[in-house]
Q: 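After the structure tokens below, expect a handful of questions from me.
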Amino acid sequence: MIDRHELRRAPEEMRAALARRGAEVVGPDSAWARLQELDARQRQLKRELETLQAERNRVSKAIGLKKRQGEDATEELARMREVAQRVKQLEAAAKSAEEAFGLALLEVPNPPLDSVPDGVDETDNVELRRWGEVRQDEVPSHDEIGEALGILDFEAGARLAGSRFTVICGAGARLERALIQFMLDMHTERHGYDEVWVPAIVNRKTMTGTGQLPKFEHDLYKLEGEDAFLIPTAEVPVTNLYQERILDAARLPIRHCAYTPCFRREAGSAGRDVRGMIRQHQFDKVELVWLTRPEHALSGLETLTGHAEAVLQALGLPYRVVELCAGDLGFSAQKTYDLEVWLPSQRRYREISSCSSFGQFQGRRAGIRYRNEAGKAEPVATLNGSGLAIGRCLVALLENGWQADGSVLIPEALQPYMGGLQRIANA
RNA sequence: GGAGAGAUGGCUGAGUGGUCGAAAGCGGCACCCUGCUAAGGUGUUACACGGGUUACCGUGUCGAGGGUUCGAAUCCCUCUCUCUCCGCCA
């Protein structure tokens, strides 16, 4: 969440930065609009309450003293009975004002960094660089390729669970597993990440810590009868590993990689990517997560993005890097690079990884802090990025590795993970 | 799911109605002494919020939320979590 001190110190600057996400973010109905007034009211009530509490504490102490000395305190007791009533009322008022302020605070997104380009949606994103040779020949879509090879079964997925679910078979299933293994090995052995394995179900507090809640509950799968959710990304459990903790500065940066399944309701994306396995309710992902000092967030983002790129390069998949414009940034992000892989059947680049810096936004929400040189605990900066989305990676491999005879070549780097298999062909 | 025990500061662990934000120990920090590694002495050492914004003052926080009381770490209720035993189970 945004820094409340900053909110009071420089509300105009903050407003201007938020407005770049879209006018509605600071519009009349926005959480932002409610904040100023709620903050003033909250502080006013609190001041009154504290004055009264101070009196109560002072007189109560005097009563204790008198009683011990055997003196009469009837008068004070009568007066304090009234004060106690008023304290109770004020407490209730102050509490509800504080809660309203706190709720509004949780609904304000992260102000984009000044360096983030202007723009309203993905068409305004800025391409930074390209890697690899793209093939321009006619290539079937991955779902056709996969069905023809008997490794993707969309009908079975639909029968078992519904639309946006896929069953992967045989060499395809092994490929899914190989990709997970390959990526985790690369990040742990070459890039120095500590692997963790985490729950795929988390509670409300954890979901709030990284910013999925309270605003985006409709995008999440919620467990019936429990205040718990399926994770939409490993970012949630891995970042929150350190919630409400004060970290030793010497430990930073902490860098984790994790494989998890991810679950998304994809509400509001009806009609988009309905064919194939590009947009699924359940998919696998290897995620990279950093906790670092605020001043190292941006250099860290470059490094982390490079680690995700290294996976695509090792697999020989052509891609480009774009920087998201202010209007396309996710709720918690202050700056984001997307990696987009070339899909020959669509003749366009599609997102396969998203690498973001959150600044201290998540650290503040989740209470993840470190002790700086002055001995003061302050929120850490967090970063994360997909390294990579497994399902979309499998899609890209099928299309980019497709041969005219219908088979699909396995990149050399992956062959050891496929038992030496060099191509997937029809039996 | 059933029975029992517990939850206190960075950690260990005292504290059953009023000078308790909380003993003691460990750890951390500062200084002194000493002057090979080491050991010893003294002091200091939670966080948040609000007001002055420098040395200060106030409020809240002893798992969470409610209640009793002039006053709660201490008494009552609810919830959460941890541990032990039983049941079930990959």
Side-chain angles (χ1 to χ4, degrees), chain A residues 1-11 35-106 197-209 213 223-229 237 240-252 254 261 291 360 363-380:
Chain A
M1 66 193 151
I2 56 172
D3 184 352
R4 62 170 74 194
H5 301 110
E6 202 59 18
L7 169 71
R8 287 162 199 159
R9 200 187 59 77
L35 268 186
Q36 324 291 331
E37 186 198 345
L38 286 172
D39 189 26
R41 192 153 65 93
Q42 174 252 132
R43 281 196 289 174
Q44 173 60 27
L45 281 167
K46 203 163 180 186
R47 202 171 319 156
E48 288 176 30
L49 173 64
E50 288 182 1
T51 309
L52 211 56
Q53 283 172 326
E55 186 189 358
R56 181 196 64 189
N57 292 347
R58 190 160 33 78
V59 177
S60 286
K61 207 169 272 187
I63 292 174
L65 208 65
K66 276 196 166 187
K67 287 204 160 180
R68 240 173 299 127
Q69 296 171 344
E71 296 175 27
D72 177 63
T74 318
E75 193 183 313
E76 284 89 340
L77 282 173
R79 189 151 60 85
M80 282 304 101
R81 244 187 291 277
E82 281 174 43
V83 171
Q85 282 309 308
R86 283 190 52 214
V87 163
K88 206 158 283 182
Q89 290 165 6
L90 263 177
E91 259 172 1
K95 191 184 165 201
S96 74
E98 241 174 53
E99 276 170 0
F101 176 69
L103 276 180
L105 207 55
L106 285 177
W197 189 94
V198 293
I201 295 176
V202 300
N203 59 31
R204 179 173 294 274
K205 183 181 182 190
T206 298
M207 269 309 176
T208 306
L213 292 178
L223 299 202
E224 176 84 40
E226 296 186 48
D227 207 21
F229 305 82
N240 280 288
L241 235 28
Y242 301 95
Q243 67 175 226
E244 307 296 339
R245 299 270 293 274
I246 298 177
L247 305 169
D248 187 346
R251 284 183 68 187
L252 301 178
I254 290 172
L291 290 82
Q360 293 171 287
R364 214 172 279 125
R365 282 183 164 239
I368 310 170
R369 298 179 294 173
Y370 77 100
R371 211 168 282 287
N372 62 23
E373 279 64 30
K376 182 98 177 136
E378 70 165 315
V380 298

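Throughout, protein chains are lettered first and strands after them, A, B, ... in sequence-line order, and every chain is numbered starting at 1. Bear in mind the structure is a predicted one, so any value in this text is a computation, not a measurement.
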Q: Determine the Euclidean distance between corresponding C1' atoms of U80(B) and C11(B); express it in Å to zero decimal places.
A: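 Result for the C1' pair: 24 Å, nearest Å.
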Q: Using the P atom in both, what is the distance from A46(B) to C33(B), to the nearest Å?
A: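 Taking atom P in both A46(B) and C33(B), they lie 27 Å apart.
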Q: For atom P, what is the distance between C29(B) and U84(B), given to the nearest Å?
A: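 Straight-line distance between the two P atoms is 35 Å.
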Q: Within this structure, what is the CD-to-P distance between Glu244(A) and A48(B), rounded to whole angstrom?
A: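 Answer to the nearest Å: 12 Å.
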Q: Measure CZ/Arg245(A) against P/G9(B) and give the value in whole Å, please.
A: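 So the CZ-P distance, Arg245(A) to G9(B), works out to 14 Å.
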Q: Using the salt bridge (Lys or Arg N to Asp or Glu O under 4.0 Å) criterion, which residues pair with Arg43(A)? Sequence neighbours excluded.
A: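 Applying salt bridge (Lys or Arg N to Asp or Glu O under 4.0 Å) to Arg43(A) gives Asp39(A).
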Q: Report, as yes or no, whether the 6.0 Å neighbourhood of atom CD on Glu75(A) holds more than 12 heavy atoms from other residues, nucleotides or ligands.
A: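 Atom CD in Glu75(A) is not packed in, count stays at 12 or less.
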Q: Quick check on G51(B): is either OP1 or OP2 less than 4.0 Å from any side-chain nitrogen or oxygen of Arg43(A)?
A: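 True: Arg43(A) side-chain N/O within range (under 4.0 Å) of G51(B) OP1/OP2.
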Q: Can you list everything that forms a side chain to side chain contact (heavy atoms under 4.5 Å, CB included) with Arg251(A)? Sequence neighbours excluded, please.
A: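 Once residues adjacent in sequence are excluded, the partners of Arg251(A) under the side chain to side chain contact (heavy atoms under 4.5 Å, CB included) criterion are Tyr242(A), Leu247(A), Asp248(A), Ile254(A).
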Q: Round to a whole Å and report the spacing from CG of Leu49(A) to P of G51(B).
A: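 For the pair Leu49(A) CG and G51(B) P, the rounded distance is 15 Å.
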Q: Tabulate protein N/O versus nucleotide N/O from nucleotides 67-70 of chain B, keeping only pairs under 3.5 Å, one per line.
A:
residue, atom, partner, partner atom, Å
U68(B), OP2, Lys88(A), NZ, 3.1
C70(B), OP1, Arg81(A), NH1, 2.4
C70(B), O2', Ser60(A), OG, 3.1

Q: Using the P atoms only, state how far U61(B) lies from A5(B), rounded to an integer number of Å.
A: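 Result for the P pair: 28 Å, nearest Å.
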Q: Say we look at U45(B) and C56(B): how far apart would their P atoms be, to the nearest angstrom?
A: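 Looking at atom P only, U45(B) and C56(B) are 11 Å apart.
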Q: On a whole-Å scale, what distance lies between the P atoms belonging to C62(B) and G9(B)?
A: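 Straight-line distance between the two P atoms is 10 Å.
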Q: Less than 4.5 Å apart, any side-chain heavy atom of Val83(A) and any of Met80(A)?
A: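 Counting from C-beta outward, Val83(A) and Met80(A) do come under 4.5 Å.
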Q: Pick the C1' atom in A7(B) and in G18(B), then give their distance to the nearest Å.
A: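 Comparing C1' positions in A7(B) and G18(B) gives a spacing of 25 Å.
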Q: Rounding to an integer number of Å, can you tell me how far Leu65(A) CG sits from G18(B) P?
A: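 So the CG-P distance, Leu65(A) to G18(B), works out to 13 Å.
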Q: Would you say His5(A) places a side-chain N or O within less than 4.0 Å of OP1 or OP2 belonging to U53(B)?
A: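 So the side-chain polar atoms of His5(A) never come under 4.0 Å of the phosphate oxygens OP1 or OP2 of U53(B).
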Q: Could I get the full list of salt bridge (Lys or Arg N to Asp or Glu O under 4.0 Å) partners for Lys205(A), not counting sequence neighbours?
A: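 Partners of Lys205(A) by the salt bridge (Lys or Arg N to Asp or Glu O under 4.0 Å) criterion, ordered by chain and then number, come out as Glu244(A).
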Q: U59(B) C1' sits how many Å from Glu91(A) CD, rounded?
A: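 My rounded result for the distance is 11 Å.
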Q: Run the side chain to side chain donor-acceptor pair (under 3.5 Å) test against Glu37(A) and tell me which residues pass, sequence neighbours left out.
A: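 Partners of Glu37(A) under the side chain to side chain donor-acceptor pair (under 3.5 Å) test: none.
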Q: Between Glu55(A) and Arg79(A), is a salt bridge (charged side-chain N to carboxylate O under 4.0 Å, His left out) present by the stated rule, with each step listed?
A: CA-CA 11 Å; Glu55(A) 186 189 358; Arg79(A) 189 151 60 85; 3.0 Å; yes
Q: Stems in RNA chain B: runs of 3 or more consecutive Watson-Crick or G-U pairs, distances under 3.5 Å?
A: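 So the stems come out as B:1-7 with B:80-86, B:10-12 with B:24-26, B:27-32 with B:40-45, B:46-51 with B:56-61, B:63-67 with B:75-79.
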Q: Would you kindly give the CG-to-C1' distance between Asp39(A) and G50(B), to the nearest whole Å?
A: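 In whole Å, G50(B) C1' lies 11 Å from Asp39(A) CG.
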Q: Do Glu50(A) and G50(B) share a donor-acceptor pair, side chain to base, under 3.5 Å?
A: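 Not at all, since no donor on one side and acceptor on the other fall under 3.5 Å apart.
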Q: Among residues at least two apart in sequence or on other chains, which ones pass side chain to side chain contact (heavy atoms under 4.5 Å, CB included) with Ile201(A)?
A: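 Side chain to side chain contact (heavy atoms under 4.5 Å, CB included) check on Ile201(A) returns Leu223(A), Ala228(A), Leu230(A).
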Q: Just to confirm, is there a sub-4.0 Å distance from OP1 or OP2 of U59(B) to any side-chain nitrogen or oxygen of Asn57(A)?
A: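 Looking at the OP1 and OP2 atoms of U59(B), one of them is under 4.0 Å from a side-chain N or O of Asn57(A).
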Q: Donor-acceptor pair, Arg365(A) side chain versus Thr208(A) backbone, under 3.5 Å?
A: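 Confirmed, Arg365(A) side chain pairs with Thr208(A) backbone.
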Q: Students often get this wrong, so: under 4.0 angstrom with heavy atoms, is Arg369(A) touching a base, only sugar-phosphate, or nothing?
A: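 Here Arg369(A) touches the backbone only, sparing every base.
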Q: When rounded to the nearest Å, what value does the distance between C1' atoms of U8(B) and G4(B) take?
A: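 The same atom, C1', in both gives a distance of 22 Å.
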Q: Taking CD from Glu55(A) and P from G71(B), how many angstroms apart are they, rounded to a whole number?
A: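 In whole Å, G71(B) P lies 12 Å from Glu55(A) CD.
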Q: How many whole angstroms separate atom CG of Leu90(A) from atom P of U59(B)?
A: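 Rounding to the nearest Å, CG of Leu90(A) and P of U59(B) are 15 Å apart.
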Q: Can you name the salt bridge (Lys or Arg N to Asp or Glu O under 4.0 Å) partners of Lys67(A), sequence neighbours left out?
A: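 Lys67(A): no salt bridge (Lys or Arg N to Asp or Glu O under 4.0 Å) contacts found.
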Q: Can you name the residues that form a salt bridge (Lys or Arg N to Asp or Glu O under 4.0 Å) with Glu6(A), not counting sequence neighbours?
A: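 Glu6(A) satisfies salt bridge (Lys or Arg N to Asp or Glu O under 4.0 Å) with Arg9(A) once adjacent residues are dropped.
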Q: Please classify the nucleic acid contact of Lys95(A) as base, sugar-phosphate, or nothing, using heavy-atom distances under 4.0 Å.
A: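 Here Lys95(A) touches the backbone only, sparing every base.
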Q: Mapping Ala377(A) and Thr51(A) onto RNA chain B by nearest heavy atom, which one lands closer to the 5' end?
A: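 Residue closer to the 5' terminus by nearest nucleotide: Ala377(A).
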